[in-house]
Engineer: 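To start, I am sharing the structure in question, which I have written as structure tokens.
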Amino acid sequence: MASTTADSETPVFHIGTRDKRAGWYTPTLENVTPAQRDLLEKYSHLSSDRVIPHILEVRDRAWEIHPYPCIGELRFIDLSMMNTPSYPQVLQRLKDGASLLDLGCCFAQDLRKLVHDGAPATNLWGAELEQEFINLGYELFLDKETFGGHFMQADVFDMEGPLKQLDGKLDMVQVGLFLHLFSWEGQVTACKRIVGLMKPKTGTLIIGQQIGVLEAKEVTVAGGKRVMFKHNVESFEKMWKEVGEKTGTEWQVRASMDGGLGITEKGRAWDDPTTRRLSFEVERIK
Ligand SMILES: C[S@@+](CC[C@H](N)C(=O)[O-])C[C@H]1O[C@@H](n2cnc3c(N)ncnc32)[C@H](O)[C@@H]1O
């Protein structure tokens with residue numbers, strides 16, 4: 001899926017290509033963070049010299065199945081939840097018996113980090129559209145026989161699908177790099193579903209991050225076939241007001257934007273320069 005621009009011989013790649021010259025395929029990995037190394041050595045029991053080769057081998061298997069930017073760029077080893085301001089409380093609540101769903105969990109690295117940090121696995125859930133990503137998560141973390149949490153292949157928009165078993169049962173939901181995949185209407189529908197999955201009480205918490213932008217806007221991707229809405233803090237707050245009105249609930253949004261996800265330091269040619277990472281905690285207050 002590469003074409004050549006009229007004025008140069010530089011190939012232009014489109015999302016979906018398996019060509020490893022695409023800008024979002026990072027061929028090597030120089031190092032991992034101390035937390036990633038700790039997880040892969042102490043939780044997955046990889047020897048220190050196997051950590052990086054193992055990540056790259058699993059990534060290449062994943063690339064052949066779904067060559068998404070998050071796979072090519074090794075986003076699936078990012079431990080995002082631990083950087084959420086509420087992480088200590090999230091962990092404590094889990095230890096006290098609360099439940100958490102990682103929606104669109106992909107390899108579910110944050111669920112493994114929670115278990116490694118002492119959360120009981122029994123109340124942890126991961127839901128993911130693609131079963132292969134769940135399988136690859138087991139391969140990455142080498143815990144098919146030992147991980148005690150629950151995974152389901154599920155579509156957030158399928159009201160009669162496997163997610164139904166969690167209706168009204170969850171205390172916390174993580175949505176990492178997920179909501180931005182959809183249009184405004186799609187995000188509102190997904191958020192209404194999330195609200196329905198949560199216990200009907202104050203204090204329930206939604207945490208996550210997504211691709212943001214300085215001026216909120218709808219963008220078309222995949223050659224015009226798909227629409228994504230990229231938020232800034234104000235539009236994200238506005239969306240949660242709408243979700244609250246439509247569900248008879250009220251949510252306090254704590255959100256901020258920064259240059260994380262490699263946006264600042266990598267200076268990637270395909271990123272709109274106004275792209276930011278939008279991180280959020282959304283807590284039910286009514
Ligand atoms: C960009 S990845 C983010 C993965 C992970 N949450 C993280 O932060 O590293 C988005 C994930 O959402 C999944 N997904 C997309 N549409 C979905 C849907 N309708 N229901 C459930 N999962 C979906 C994709 O398969 C993919 O694994």
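Both counts, for ligands and for their atoms, begin at 1 and track the order of listing.
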Engineer: Does a side-chain N-to-carboxylate-O contact under 4.0 Å join E215 and K217?
Structural biologist: no
Engineer: At a non-hydrogen distance cut-off of under 4.0 Å, which region of D110 contacts ligand 1 (side chain, backbone, both, or neither)?
Structural biologist: neither
Engineer: Are K241 and E245 close enough for a salt bridge, meaning some N to O gap below 4.0 Å?
Structural biologist: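 Answer for the salt bridge query: yes.
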Engineer: Would you say E234 and V253 make side-chain contact, with heavy atoms under 4.5 Å?
Structural biologist: no
Engineer: Does ligand 1 come near enough to G104 that some N or O of the ligand is less than 3.5 Å from an N or O of the residue?
Structural biologist: yes
Engineer: Should the ring pair F151 and F147 be called parallel, tilted or perpendicular, given that the plane angle runs from 0 to 90° and is split at 30 and 60?
Structural biologist: parallel
Engineer: Considering non-hydrogen atoms of the protein only, which is the closest contact for atom 15 (C) of ligand 1, and what is the distance?
Structural biologist: L181 CD1, 3.7 Å
Engineer: Report the part of Y68 (side chain from C-beta onward, or backbone N, CA, C, O) that has a heavy atom under 4.0 Å from ligand 1; answer both or neither where that applies.
Structural biologist: neither
Engineer: Can an N or O of Q109 be found at a distance shorter than 3.5 Å from an N or O of ligand 1?
Structural biologist: yes
Engineer: Examine G176 against ligand 1 and note whether any of their N/O atoms are separated by less than 3.5 Å.
Structural biologist: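 Yes.
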Engineer: Give the residue and atom name of whichever protein heavy atom lies nearest to atom 14 (N) of ligand 1, and the separation in Å to one decimal.
Structural biologist: F178 CE1, 3.7 Å
Engineer: Strictly under 4.0 Å, does any heavy atom of H66 approach an atom of ligand 1?
Structural biologist: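 Contact check H66 vs ligand 1: negative.
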Engineer: Taking only non-hydrogen atoms of P69, do any sit less than 4.0 angstrom from ligand 1?
Structural biologist: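 No, P69 has no heavy atoms under 4.0 Å from ligand 1.
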Engineer: Atom 1 (C) of ligand 1: which protein heavy atom is closest, and how many Å away?
Structural biologist: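 The closest heavy atom on the protein side is L177 O, 3.3 Å.
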Engineer: Would you list the pairs meeting ring-ring contact (aromatic ring centres under 6.0 Å, His included) in which at least one residue belongs to residues 72-93, sequence neighbours left out?
Structural biologist: F76-F107
Engineer: Provide the number and element of each atom of ligand 1 under 4.0 Å from a heavy atom of D155.
Structural biologist: 18 (C), 19 (N), 20 (N)
Engineer: Going by the atom numbers of ligand 1, which of them fall below 4.0 Å from some non-hydrogen atom of A154?
Structural biologist: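 It comes down to these atoms of ligand 1: 20 (N), 21 (C).
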Engineer: Check N123, L114, D171 against L100 for a side-chain contact (heavy atoms from CB on, under 4.5 Å) and give me the one that passes.
Structural biologist: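 For L100, the side-chain contact (heavy atoms from CB on, under 4.5 Å) check succeeds only for L114.
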Engineer: Sort out for me which residue in K192, H231, H180 forms a side-chain hydrogen bond (donor to acceptor under 3.5 Å, both in side chains) with Q187.
Structural biologist: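 Result for side-chain hydrogen bond (donor to acceptor under 3.5 Å, both in side chains) with Q187: H231.
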Engineer: Using a plain distance cutoff, I'd like to know if E128 has any nitrogen or oxygen under 3.5 Å from a nitrogen or oxygen of ligand 1.
Structural biologist: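 N/O-N/O distance below 3.5 Å exists for this pair.
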Engineer: Which atoms of ligand 1 are found less than 4.0 Å from any heavy atom of F133?
Structural biologist: 25 (O), 27 (O)
Engineer: To check your reading of the model: name the closest protein heavy atom to atom 22 (N) of ligand 1, its residue, and the distance in Å.
Structural biologist: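 Answer, as residue, atom name and distance: L129 N, 3.3 Å.
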Engineer: Is the distance between the ring centroids of F236 and F280 under 6.0 Å?
Structural biologist: yes
Engineer: Does any donor atom in the side chain of Y43 or D117 lie under 3.5 Å from an acceptor atom in the other side chain?
Structural biologist: no
Engineer: Ignoring hydrogens and angles, state whether a donor on the side chain of D49 or S47 is under 3.5 Å from an acceptor on the partner side chain.
Structural biologist: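 Yes.
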Engineer: Decide whether an N or O pair under 3.5 Å exists between V156 and ligand 1.
Structural biologist: yes
Engineer: Is a donor on one side and an acceptor on the other found under 3.5 Å between the side chain of Q153 and the backbone of L129?
Structural biologist: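 Pair found, side chain donor or acceptor close to backbone of L129.
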Engineer: Which bit of S80 is near ligand 1, meaning a heavy atom under 4.0 Å away: side chain, backbone, both or neither?
Structural biologist: neither
Engineer: Which of the atoms of ligand 1 are close to E130, meaning less than 4.0 Å from one of its heavy atoms?
Structural biologist: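 Every atom of ligand 1 under 4.0 Å from some heavy atom of E130: 25 (O).
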